[in-house]
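Right, one structure below, let's go through it.
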2 protein chains.
Amino acid sequence: MTGRQASPSLAGAEDPIVFVIDDDSSVREALSSLFRSVGLRVEAFGSAHEFLQLKLPNVPSCLILDIRLPRVSGLDFQAELAKADIHIPVIFMTGHGDIPMTVRAMKAGAVDFLTKPFRDQDMLDAVTAAIERDRNSRDEAKVLSNLHELFATLTPRERQVMALVTTGLMNKQIAAEIGLAEITVKIHRGHIMRKMGAKSLPDLVRMAELLGIGPASGQPQT
Amino acid sequence: MTGRQASPSLAGAEDPIVFVIDDDSSVREALSSLFRSVGLRVEAFGSAHEFLQLKLPNVPSCLILDIRLPRVSGLDFQAELAKADIHIPVIFMTGHGDIPMTVRAMKAGAVDFLTKPFRDQDMLDAVTAAIERDRNSRDEAKVLSNLHELFATLTPRERQVMALVTTGLMNKQIAAEIGLAEITVKIHRGHIMRKMGAKSLPDLVRMAELLGIGPASGQPQT
DNA sequence: TGCGATCCTAAACGTCTGTATGATCCGCTC
DNA sequence: GAGCGGATCATACAGACGTTTAGGATCGCA
């Protein structure tokens, strides 16, 4: 039970959140104070483990990590997150980091890498950029997820036909390709358009592009 | 030395090239030797200015920069290249760089940032990655350039119709939209397909996507 | 065993597309 | 002024598309 309920009046679930992981409580407090002063929600943790206990809310957010965490290093934790398919923009801070560390972090997609002591404004700028990046990737992910949801309602046959349709083949060619009557392809095609919510063929083509549907990288068919 | 013609038999213009800029001739020679030992073409320069005199060949390549160049810093030079629309993967090396420099370089798209002394293998790995990245972006650029060439042969009216067609509108809707007879739209449409070399509507739609063509609501660029 | 989902097909009809053929008009260039 | 590319439109026709109506077949599951 997370007994936190700061603003009961507002839904609040749409506001960005900044997560902070640092074993130094004074750092946590300083950062929390900084972010709250600009109206950002903050959740601070003393270790990576504590952070992982949390169920991440579906709002734009970012993670501020000290390179030197209690058990695992910040870099390793960043890699862990990626492996666990947890995508959140990371901002590193360090008191005594080196260049190879920095390179590794940035290559792994870190938004920024700040050296202590840093200026408050630099941190805020980094957080703003990170939140914005997360907002965009969440938007994209949502669109994609909706598409996948629709695509999941297609039967195997319909998916197969969709791939061929969006390739540009005519109904009769598709029919010949998979050994059906042309009329049957038309029926499937109609179902596909309705289920996917496509208002036109170009619409469907763009959906297929986003879904990564092609003749080669499609679904293995029976 | 422009008199280089190592392999007269082969065209050679397809081989990747590594450009090196360092004011220390011993570094230039060491790197040149290293890269040649693995079969890479190398061109070394003592200053950024010299490098800019060169007309860059259209082959996969990358640029190795010392952060501390004679006049401008490596970072500034990287920014200059971007501003001059010269896109080439950059690998930095430095004897005494700091973290902010590293962050700036990586944010600006550097492939790697090596601290001297570095292991030969690390440099070779970075160069391999950089060349590969450049190869990919050149491939994409070529496809896009070919498309733009085709698109340039369209008349203004045809471009307008193409935008509407790929949006998913029917001929009669397009006709109403721009005040034409449906038959005229069909004619334009036929010309578009022929000029663009599209074998099907999905084909044309994908071209339009790459070209960033939409009804003023295309892809946000830059 | 019956129901529903999936898959297949046919006939029919209306709409949309694509491509001719032929023609007029405009603006520009040689 | 003749020629040319661009744009426009009409008529006509063949082919492609999409939907409806009306079946029949298989399979898994309640």
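Chain letters run A, B, ... following the sequence lines, proteins first, then strands; residues in each count from 1. All values reported here derive from a predicted model rather than from experimental measurement.
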* To do: Would you mind checking if B/R135 and B/E132 are paired as a salt bridge, meaning a charged N to carboxylate O distance below 4.0 Å?
  => yes
* B/H188 side chain near D/dT8 phosphate (N/O to OP1/OP2, under 4.0 Å) -> yes
* Asked: According to a strict under-4.0 Å criterion, is A/K172 in side-chain N/O contact with OP1 or OP2 of D/dA16?
  -> yes
* d(CD, A/Q173; P, D/dG15) in whole Å -> 15 Å
* Within the structure, does a side-chain N or O atom of B/T155 lie under 4.0 Å from either OP1 or OP2 of D/dG5? -> no
* To do: Grab the CZ-P distance between B/R189 and D/dA16 for me, whole Å please.
  => 16 Å
* Which nucleotide in the list D/dC17, D/dA10, C/dA10 gets nearest to the side chain of B/A181? -> D/dA10
* Would you say the side chains of B/E140 and B/N136 form a donor-acceptor pair under 3.5 Å? -> no
* Structure fact -> Tightest non-hydrogen contact, residues B/A48 and B/I21, listed as N-CG2, 3.7 Å
* **Salt bridge B/R28-B/D66, side-chain N to carboxylate O under 4.0 Å** => no
* Counting heavy atoms from C-beta on, name the nucleotide in D/dC17, C/dT19, C/dA10 closest to the side chain of A/M170. => D/dC17
* Asked: What does A/T184 touch in the nucleic acid at a heavy-atom separation under 4.0 angstrom: a base, only the sugar-phosphate, or nothing?
  -> base
* Of B/T153 and A/M193, the one whose closest DNA chain D nucleotide lies more 5' -> B/T153
* Over how many whole Å does the gap from A/I187 atom CD1 to C/dA5 atom P extend? -> 17 Å
* To do: Measure from the side-chain N and O atoms of A/R159 to the backbone N and O of A/A152, and report whether any donor-acceptor pair falls under 3.5 Å.
  => yes
* Asked: Under 4.0 Å between a side-chain N/O of B/N171 and OP1 or OP2 of C/dT17, yes or no?
  -> yes
* **Protein-nucleotide distance (B/I192, atom CD1; C/dT17, atom C1'), rounded to Å** => 14 Å
* **Distance, rounded to the nearest Å, where A/E182 contributes CD and C/dA12 contributes P** => 16 Å
* What is the distance, rounded to the nearest whole Å, between atom CG of B/L154 and atom P of D/dG6? -> 11 Å
* Name the closest nucleotide to the A/L180 side chain, picking from C/dT17, C/dC8, C/dA12. => C/dC8
* **Spacing between B/I183 atom CD1 and D/dT11 atom P, to the nearest angstrom** => 11 Å
* Examine D/dT8: is either OP1 or OP2 under 4.0 Å from a nitrogen or oxygen in the side chain of B/R157? Give yes or no. => yes
* Asked: Just how far, in rounded Å, is C1' of D/dG15 from NZ of A/K186?
  -> 10 Å
